[in-house]
Amino acid sequence: MDSNLKKLSMQVNLDDLMPASEKEKEYMVKMRPSTTAFQDGVKRLKKNKVAMVSFAIIILITLASIVVPMFWPYKYEAMLGVTPGKPVDASFNNLRPFEYSKSEEKRIEEGEKVFPHVFGTDSSGRDYFIRVIYGTRISLAVGFFASIIVLVIGLVVGSVAGYAGGMVDIIIMRIVDVIYSLPDMLMVILLASVLREPLGKALEGTVLEKIGSNIISLFIIFALLYWVSMSRLIRGQILSLREQEYVLAAQASGAKGSWVIRKHLIPNSISVIVISTALQIPNAIFTESYLSFLGLGVNAPMPSLGSLASDALNGLKSYPYRLVIPALVISLIVLSLNLFGDGLRDAFDPKLNG
Amino acid sequence: MNPKTISYIIKRLILAVFTVWVVFTLTFFIMHAVPGGPFVGEKAISKAAQQALEAKYGLDKPLSTQYFTYLNDVVHLRFGPSLKQRGRMVIDIMADGLKTSAKLGVVAAVLALIIGVVLGAGAALRRNTILDRIIMVLTTAFVSMPSFIMGSLLLVVFAIKLKVLPANGAAAGGLILPIITLMLYPMAYITRLTRSSMLDVLGQDYIRTAKAKGVPAGKIIFGHALKNSLIPVITYFGPMLAYIVTGSLVVEQIFAVPGIGRAFVSSIINRDYMMIMGTTIVLATLIVVMNLVSDILYKVVDPRITLE
């Protein structure tokens, strides 16, 4: 009671009203560099051990598939027993891991160094290790490009539907509904089997011929069927972002629709987009290997992990490792991409975690 | 059922019928866009013979007439003759195959469901124990392994190395390996689904209330927790069937099971167009119908779910 009364008597300490000295300021303001949402996410991602290990595996496999063919002495399509002008040397065919053919053994006896066939050779005398490496490269490339195609189409359609709204939105979304409920794998097989031949003819003599009609038809299939879930996702994002004040502000100051989409809506939904693209890659790899396994994938002699597994079925009794190796590589790639995608989702968009 | 549910069901029915029609139309026009038509690849066929063949199968009529004729045929389950297996009708080949495939698919689905729910509930109740860890690691592995690889590996281990099960699907007990192959992925998926929804339910207030009232643990688990955590599993019915249908295409190929999936794949390799159209339409309809049933069931079972 007493102390309260004293305070009422306006005994103000003038020191309290003086401007703060530099020292005091330093004490008050904790200098910490501001972190952006992106840095925050990276920090969270780095803490996630499973995701980081998966990421390391993906990088390792990708690097190996690019670097190893540069110095490996064998080519993926070279049948080692076949030399022009000489009879075929069948002792090159079906070598077990680290076995040598007769002519190679002779060369070793003569003191020459012969590079070992780490995984042996296949029934046509091709070095199996380099075929697995090359197959990995093809599978990864197909997965990556197919996802990019899906991303671009889904992004364009989804953002137009979400931003335009009204009739445009309704029509696009009905089309999406129908494509979404199509049994995708059946349609993929059907299209792959039908597109092969006409595409092969159409591509003759062009740059694309080297890629092969089957891979191109695979890309076309992805472009036709798999964009729907991406466009649904992006439309949903755009719909919720469209109501934000900053969009209204941009519109009020005369921004055009395409500007608002490019500068405001897409940058703000980027994390969702990146994450679902990352999760799309293993999906595409899986589809490619499935089609290759049915004989609808890459064109021979180009290998993919699926076609290697499929070829291995013929000599399964004697050479089971020829199936096991590509099988393990596919599973490892799909597993680590999925785990890394999950890690990305947890780190950058905790809301998505469901 | 409230009127909203009924209107939802009608909407989904219309979409399903429309989807089947789109599949039919796409299949028809894709097959007819193939250069050379169905008889391409036959060895040096004379022009007169080709015309005779086309006349026999009605391929000389305008495309629109062919379309409506075939649509009418399909509605009446007439899929025409097989072009490669002379003298057999597509519908008979499919019926033969479906018997085997249905056995394979139904057993795989039921096993996946039972084992998946048991493992998932077990993992949730023993959360963070060794049992939970083992179940999660195994299911992660199964989910990321494509079915054709799983099948081939099982074939190597059990049929070739250990020689305990037959590799040929037509032999006695030959369906065991294909069933296991088809079952593992949906089983792993259901396990994970049940585990996470069970964990969710176990944290709810009504479980705490039941515990506080002194309801015995068994009754809480079976009467309250399990019943409610099975709802998300119902949504997986449709996708599971779709997975089993497409999975059976390769699995039947690996194990030489005489089913409809193998008929589909070999019809593609042999370019048997009537057969390809027939199997695509039948399998697609099957998938669409199962998706429809699982969606409707989901809304009916859980009235809390808001309808679009």
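Numbers restart at 1 for each chain; the letters A, B, ... are given by sequence-line order, proteins then strands.
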task: Answer with side chain, backbone, both or neither: which region of L26(B) has an atom nearer than 4.5 Å to a non-hydrogen atom of chain A?
output: side chain
- request: Against chain A, label I287(B) side chain, backbone, both or neither, depending on which of its atoms sit under 4.5 Å from a heavy atom there.
  value: side chain
- prompt: Can you tell me if CZ on F219(A) sees more than 12 non-hydrogen neighbours from other groups inside 6.0 Å?
  reply: yes
message: If I take atom CE from residue M187(A) and atom OG1 from residue T280(B), how far apart are they, to the nearest 0.5 angstrom?
response: 6.0 Å
query: Looking at I160(B), V288(B), V265(B), I254(B), which makes the most heavy-atom pairs under 4.5 Å with chain A?
result: I160(B)
query: Do you know which of N291(B), T27(B), V20(B), V245(B) has the most heavy-atom pairs under 4.5 Å to chain A?
result: T27(B)
- request: Against chain A, label T140(B) side chain, backbone, both or neither, depending on which of its atoms sit under 4.5 Å from a heavy atom there.
  value: both
message: Around atom OH of Y67(B), are there more than 12 heavy atoms from other residues, nucleotides or ligands closer than 6.0 Å?
response: yes
message: Is S196(B) close to chain A through its backbone or its side chain, or both, or neither, when contacts mean heavy atoms under 4.5 Å?
response: neither
message: With a 4.5 angstrom heavy-atom cut-off, is it the side chain or the backbone of A284(B) that approaches chain A, or both, or neither?
response: both
field: Portion of S289(A) that has a non-hydrogen atom of chain B nearer than 4.5 angstrom
entry: both
message: More than 12 heavy atoms of other residues, nucleotides or ligands under 6.0 Å from CZ of F144(A): yes or no?
response: no
field: side-chain hydrogen bond (donor to acceptor under 3.5 Å, both in side chains) against S248(B), all qualifying residues, sequence neighbours excluded
entry: none
For residues 323-336 of chain A, tabulate all N or O donor-acceptor pairs below 3.5 Å that involve a side-chain atom, not counting sequence neighbours.
unit_1  : atom_1 : unit_2  : atom_2 : d
S331(A) : OG     : A327(A) : O      : 2.9
S336(A) : OG     : L332(A) : O      : 2.5

query: Could you state the interatomic distance from CD1 (I30(B)) to CG (L190(A)), rounded to the nearest 0.5 Å?
result: 5.0 Å
task: Please indicate whether F24(B) has more than 12 foreign heavy atoms, meaning atoms of other residues, nucleotides or ligands, lying under 6.0 Å from its CZ.
output: yes
field: chain A contact via L292(B) - which portion, at a heavy-atom distance below 4.5 Å
entry: neither
- prompt: CG of L186(A) to CG of L283(B): how many Å apart, nearest 0.5 Å?
  reply: 5.5 Å
query: Where does the angle between the aromatic ring planes of F148(B) and F286(A) fall among parallel (under 30°), tilted (30 to 60°) and perpendicular (over 60°)?
result: tilted
query: So do F293(A) and P146(B) actually touch side chain to side chain, heavy atoms under 4.5 Å?
result: no
- prompt: Is it true that atom OH of Y70(B) has more than 12 heavy atoms of other residues, nucleotides or ligands lying nearer than 6.0 Å?
  reply: yes
